[in-house]
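Start at 1 and go down the list; that is how both ligands and their atoms are numbered.
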Amino acid sequence: MENKVFKFGGASIADHKMIENIRSIIESYGEDKIVVVISAMGKVTNALEQVAQKYIDADKEKPLLDLMQETIDKHLQEAIALGINTEKLKLQYESYISDSQELLDLIDNTHQAMVYDQIVSLGELFSTTMVEMYLSESGLNSTWLDVRGIIKSDGNYKDATVDYATSVPHIRTKISELFSDSQYIITQGFISGSDTAYTTTLGREGSDYTAAIFAYALDAEELTIWKDVPGILTADPRRFENVELLSKLSYKEAIEMTYYGATVIHPKTIRPIQNKSIKLHVRSYINPSEDGTIISDQGLPNYPPIVVVQDNRLLLHITTKDFTFIAENHLSLIFSTLDMHRIKMSVMRNTAISFTLVIKNPGKPQLQKFMSDLGDNFSFDVYDNLQLITIRYAQQPLIDSLTKNKVILFEERMKSTIQLVVRPALELKEKK
Ligand code: ASP
Ligand code: MG
């Protein structure tokens with residue numbers, strides 16, 4: 001079965017014009033059968049995170065439907081502009097909400113991650129239902145698929161792990177059945193089904209990963225991720241001038257880039273497609289005729305410098321109070337405590353009596369909790385508001401220009417990668 005998998009993210013369906021654009025992109029592929037994986041409309045997931053918090057805070061005093069009005073209205077407004085049957089759409093939305101409500105009624109609000117998933121997943125159900133209705137009503141042969149029936153995960157809410165052994169055969173059977181009468185299958189990214197009736201999610205920005213799972217299961221000829229940028233660039237164009245498009249990238253380079261924090265594709269996306277040598281095409285939905293970036297076994301012979309910047313980093317310097325050596329037992333305690341708090345490390349280094357690590361700032365309360373869970377044998381120095389700059393294939397003038405007027409707190413050099421943890425230098429105030 002040769003077919004294509006496309007993924008469209010939140011920005012690409014942010015309003016009715018964008019949704020019309022998706023229609024014209026998929027139509028331009030003629031007779032091709034396409035699985036279209038879609039995330040929630042732009043900003044909706046963030047809004048639903050707040051709804052989930054409000055639902056938890058209201059302690060079951062407020063029905064979910066009341067808290068969802070704004071989100072429903074936002075979708076209906078675009079639906080009106082698309083000219084689709086909004087009555088039918090509204091009923092469908094209400095039925096998704098009442099399904100979630102029924103499940104929420106059976107659990108205690110202390111299961112926060114579980115509550116979160118039942119609410120935040122509505123974003124993808126809403127967006128895909130609207131897009132599919134529009135495609136069908138405007139004459140395309142499409143069908144809507146509830147991904148939760150075929151992508152199965154464990155019960156680790158908010159960051160579920162996909163069970164490939166169960167999901168892959170489900171995906172194959174269901175997709176080939178649906179393709180026998182439909183040309184386009186519209187389904188949700190980011191969400192999955194646990195082995196109970198409860199919905200799980202795969203972690204923020206997880207739709208790319210969903211699309212990769214489909215490509216893997218279907219042995220797709222290609223996976224295309226449609227973005228608001230021309231492809232994968234040498235740096236974030238919102239931050240830097242003169243960024244360059246990387247026309248080709250090896251799987252390995254793509255994994256390295258996402259590991260170092262490049263957000264253009266989700267870090268988990270590459271592995272499944274690399275496994276089967278499926279090409280990943282990252283290209284612009286704004287200029288769909290441009291080539292974009294192809295990620296495959298074959299990268300560029302020479303890469304230009306690639307820069308990834310991460311803000312809001314925190315450097316934590318951990319010392320043993322009795323000045324004993326930092327040994328394996330200390331390290332394993334530090335690692336397991338990090339894992340327990342789900343704090344991910346970006347860079348680390350150990351010396352005889354200290355261990356330094358750089359993490360995304362988890363916020364004061366969580367940091368305090370982390371430090372107290374490590375116990376009394378350690379003392380801590382904390383430096384926050386830092387930037388972590390990673391440069392691959394760096395050249396000295398570039399390093400100099402990126403660190404100008406900055407204090408370098410930490411530096412790590414490996415073969416083709418330099419990582420710098422920096423903070424703005426003190427500057428003299430101009431005299432008045
Ligand atoms: N809608 C989800 C999010 O905003 C998943 C995704 O966009 O990939 O995180
Ligand atoms: Mg995204």
Compute the minimum heavy-atom distance from G123 to ligand 1 and say whether it is under 4.0 Å.
-> no
May I ask you to list the atoms of ligand 1 that are less than 4.0 angstrom from any heavy atom of A40?
-> 1 (N)
Under 4.0 angstrom from ligand 1, any heavy atom of H266?
-> no
Atoms in ligand 1 flagged as close to T45, the criterion being non-hydrogen separation under 4.0 Å | 1 (N), 2 (C), 3 (C), 4 (O)
Pull out every atom of ligand 1 sitting under 4.0 Å from any heavy atom of R204, numbered as shown with elements.
-> 3 (C), 4 (O), 9 (O)
Taking non-hydrogen atoms only, is S207 closer than 4.0 angstrom to ligand 1 via side chain, backbone, both or neither?
-> both
Evaluate the ring planes of Y303 and Y393, with Trp represented by its six-membered ring, and classify them as parallel (under 30°), tilted (30 to 60°) or perpendicular (over 60°).
-> parallel
Under 4.0 Å from one or more heavy atoms of E124, ligand 1 contributes atoms 1 (N), 2 (C), 5 (C)
Is E205 close to ligand 1, meaning an N/O of one under 3.5 Å from an N/O of the other?
-> yes
Starting from the C-alpha separation in whole Å, work towards a yes-or-no answer on ring pair (Phe, Tyr, Trp, His ring centres under 6.0 Å) for Y209 and F190.
-> CA-CA 8 Å; Y209 178 45; F190 174 60; over 10 Å; no
With sequence neighbours left out, write down each residue that passes side-chain contact (heavy atoms from CB on, under 4.5 Å) with P424, or none if nothing qualifies.
-> none
Below 4.0 angstrom, N of the basic side chain to O of the carboxylate: do D117 and K158 qualify?
-> no
Is the shortest distance from a Lys or Arg side-chain nitrogen in K279 or E221 to a carboxylate oxygen in the other one below 4.0 Å?
-> no
Show every donor-acceptor pair shorter than 3.5 Å between a side-chain atom in residues 140-152 and any protein atom, with sequence neighbours excluded, or say none if there are none.
| from | atom 1 | to | atom 2 | distance (Å) |
| --- | --- | --- | --- | --- |
| N141 | ND2 | D181 | O | 3.0 |
| S142 | OG | E132 | OE2 | 2.7 |
| S142 | OG | S136 | OG | 3.2 |
| W144 | NE1 | T128 | OG1 | 2.9 |
| W144 | NE1 | T129 | OG1 | 3.4 |
| D146 | OD1 | R148 | N | 3.0 |
| D146 | OD1 | R148 | NE | 2.9 |
| D146 | OD2 | R148 | NE | 3.4 |
| D146 | OD2 | R148 | NH2 | 2.8 |
| R148 | NH1 | T199 | OG1 | 2.9 |
| K152 | NZ | R148 | O | 3.1 |

